[in-house]
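Beneath this line is the structure, given in structure tokens, with notes to follow.
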Amino acid sequence: MSAPSALSQGFLAFAMRYAGRSLWRNKRRTVLTIGTVTLSSFVSLVATRYSTAVLKIWQDGAIDHGAGHAQFHQKDYFDSPDIISEKITFAENDPVHAALALDPAVEAVSRRLVFEGIISSERKTVYFIGRAIEAESELKVSPGIFHPKEDEGSFVTSSIANGVVLGRGLAETLELKVGDDAVLKTSTLSGAVNGVDVKVIGIVNPPLPALSKRLVYMPLEQGQKSIKIPGRITELVVRLKPGSDAEKWVASWEGKAPLLDLRGWWKIDPMIREVERIWDSVVGVISVLLFVAAGISVLNIVFMLVMERTVEIGTLMAIGARPRDIRTLFTLEAALIGAIGGVLGAVLGNIALVAMDISGVPFDSPFSSGRIFVHPKVSLLVSVLVFFAAVLICYVSALAPSRKASHVEPVVAFKGQVT
């Protein structure tokens, strides 16, 4: 009778049965080892999906609160030291605007004029950053900037030429409420000072406290009149349809508007990408450390298995088993531990994710005021990756002890020794 060989057709089935029976010779040790792998898989899966959900909220927040998916500016806009000047503006009827309206991937486009000045109430005077906008298209591009149920009053409308909307922090500083009057003072392009009487028609709560203390929205035409720059804007903001890939869209538009500078939201608000990289690194390090701990546990248990089964090893080799057959037996046993732990971790992790998605996880975001609720989603791809990571780390951990076992001399093994 020939010994089982790694090349024989029935060896794999034999090895699987052998590994399965061998695992439960010491049930307590096996359960503890599988539990370590399960915990590593569970935490890695939940942490990855939770971090993805948090970062998605930050991305959507930046897009919905003014960044859009992409923006067009004059070439020198970001390099210019001036907030506003003739050279960093372009015509509001630029051909790019019409071309964007015809793009099937574009949901909305809004024109803006960004400038600065001084706003005064009866009690105080402070510096402000003005966004002169097209009211209807702005709400389509940035649906998060005004919430009727949460914000006060109404949003900017072309029917009220002198109506402005203030950030909550600015309104509190100036002690202004909806319906109060204020005065905006801006410098025109010629250097003169222009004062405009305005009425507060709304108060909004921008996500960044620093912006909340400075932001003033007004109709586009009113802003152009304030600084004496009719028909000019500083930016075109684009919102893409759901499901569109912003990075691919930006790449496809490169070169189509050679006179303008096109940037995706990740370049408009680069801090979010920096936070993403840091967060992904932290989650990655935690996952690696957990799997390394699981690998060390498997390494120890396989070494113990080798020491306990020296006579079995010697018997198998005496009847013709090859060194690679011995390696296969022990690495398969370790891989089986990884497979069981990986499956349990993925199943329990996805159950936890479903519960978290249904109930929501409270989170105090540094990029928004108040508390938000995170709803992590189940991902088949991430679940499969975590499972294979568990199997792989267990398999790799068993290589050294299985190699040691495969080099045992049968005569030595019968004495119960492994050198």
Side-chain angles (χ1 to χ4, degrees), residues 39-71 105 107-108 141-145 147 150 205-212 237-251 262-291 345-346 348-389:
L39 178 63
S40 301
S41 303
F42 173 85
V43 174
S44 179
L45 176 61
V46 173
T48 299
R49 296 308 300 161
Y50 176 77
S51 66
T52 299
V54 171
L55 295 175
K56 183 67 166 56
I57 287 176
W58 288 345
Q59 290 179 11
D60 292 344
I63 293 168
D64 293 346
H65 283 85
H69 286 100
Q71 295 184 13
E107 182 173 306
V141 168
S142 308
I145 60 177
H147 299 280
E150 300 175 7
N205 196 19
L208 297 177
L211 187 60
S212 177
V237 188
V238 180
R239 184 178 186 85
L240 302 178
K241 292 181 179 178
S244 300
D245 189 317
E247 294 192 24
K248 290 183 178 178
W249 185 87
V250 169
L262 171 59
R263 301 193 179 198
W265 67 265
W266 52 93
K267 291 186 178 180
I268 301 298
D269 199 347
M271 181 173 63
I272 293 180
R273 278 291 167 90
E274 291 298 322
V275 172
E276 285 183 18
R277 281 191 282 270
I278 295 172
W279 195 306
D280 288 342
S281 298
V282 171
V283 172
V285 169
I286 292 174
S287 298
V288 169
L289 291 176
L290 286 170
F291 278 117
L348 295 176
N350 283 318
I351 291 174
L353 289 172
V354 170
M356 293 165 69
D357 184 21
I358 294 174
S359 62
V361 182
F363 177 77
D364 293 318
S365 170
F367 296 101
S368 65
S369 54
R371 176 165 291 187
I372 60 176
F373 286 85
V374 181
H375 297 271
K377 305 295 182 182
V378 171
S379 170
L380 177 60
L381 176 60
V382 176
S383 301
V384 171
L385 290 176
V386 167
F387 168 77
F388 279 110

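Here, residue 1 is the first one in the sequence, and each next residue gets the next number.
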Check H65 against G144 and note the closest heavy-atom contact, atom names and distance.
-> NE2-O, 3.1 Å
If you take all heavy atoms of M356 and V361, which pair is closest and at what distance?
-> CE-CG2, 3.7 Å
Return yes if some donor-acceptor pair links the side-chain N/O of D269 with the main-chain N/O of W265 below 3.5 Å, else return no.
-> no
Here the pair of heavy atoms bringing W249 nearest to A70 is CZ3-CB, 3.8 Å
Mind checking the CG-OG spacing from N205 to S212? Nearest 0.5 Å is all I need.
-> 5.5 Å
Taking the side chain as every heavy atom from C-beta outward, state whether D280 and L55 have any atom pair closer than 4.5 Å.
-> yes
Please examine the side chains of H69 and E107, heavy atoms only from C-beta on, and report whether any two atoms are closer than 4.5 Å.
-> no
Side-chain touch K377/D357, heavy atoms, less than 4.5 angstrom | yes
Any chance you could measure I57, atom CD1, to T52, atom OG1, to the nearest 0.5 Å?
-> 11.5 Å
side-chain contact (heavy atoms from CB on, under 4.5 Å) with L348: which residues, sequence neighbours excluded?
-> T38, F42
Any idea which heavy atoms bring R263 and I268 closest together, and the distance?
-> CB-CD1, 3.9 Å
Apply the test side chain to side chain contact (heavy atoms under 4.5 Å, CB included) to residues Y50 and L45: give CA-CA distance (whole Å), side-chain angles for both, the deciding distance (0.1 Å), then the verdict.
-> CA-CA 8 Å; Y50 176 77; L45 176 61; over 6 Å; no
Where do V141 and R239 come nearest, in terms of heavy atoms and distance?
-> O-NH1, 3.2 Å
State which residues pass side-chain contact (heavy atoms from CB on, under 4.5 Å) with L381; sequence neighbours excluded, sorted by chain then number.
-> S379, L385
Basic-acidic side-chain contact under 4.0 Å: E247, R273 | yes
Sub-4.5 Å side-chain heavy-atom contact between V54 and W279 | yes
Nearest 0.5 Å please: distance from the NE2 atom of H375 over to the OG atom of S359.
-> 8.0 Å
Interatomic distance, CD@E276 vs CH2@W266, rounded to 0.5 Å, equals 11.0 Å
Give a yes or no on whether the backbone of P270 and the side-chain of E274 come within a donor-acceptor separation of less than 3.5 Å.
-> no
Closest approach of G68 and V237, non-hydrogen atoms and distance?
-> CA-CG1, 3.9 Å
Any donor-acceptor pair under 3.5 Å linking the side chain of S40 with the backbone of L290?
-> yes
Picking from V283, V386, L39, what satisfies side-chain contact (heavy atoms from CB on, under 4.5 Å) with S44?
-> V386
Are any of the side-chain heavy atoms of N350 and S383 separated by less than 4.5 Å?
-> yes
Rounding to 0.5 Å, atoms CG (L262) and NZ (K267) come to a distance of 8.5 Å
Ignoring hydrogens and geometry, is there a side-chain-to-backbone donor-acceptor pair from R49 to P376 under 3.5 Å?
-> no
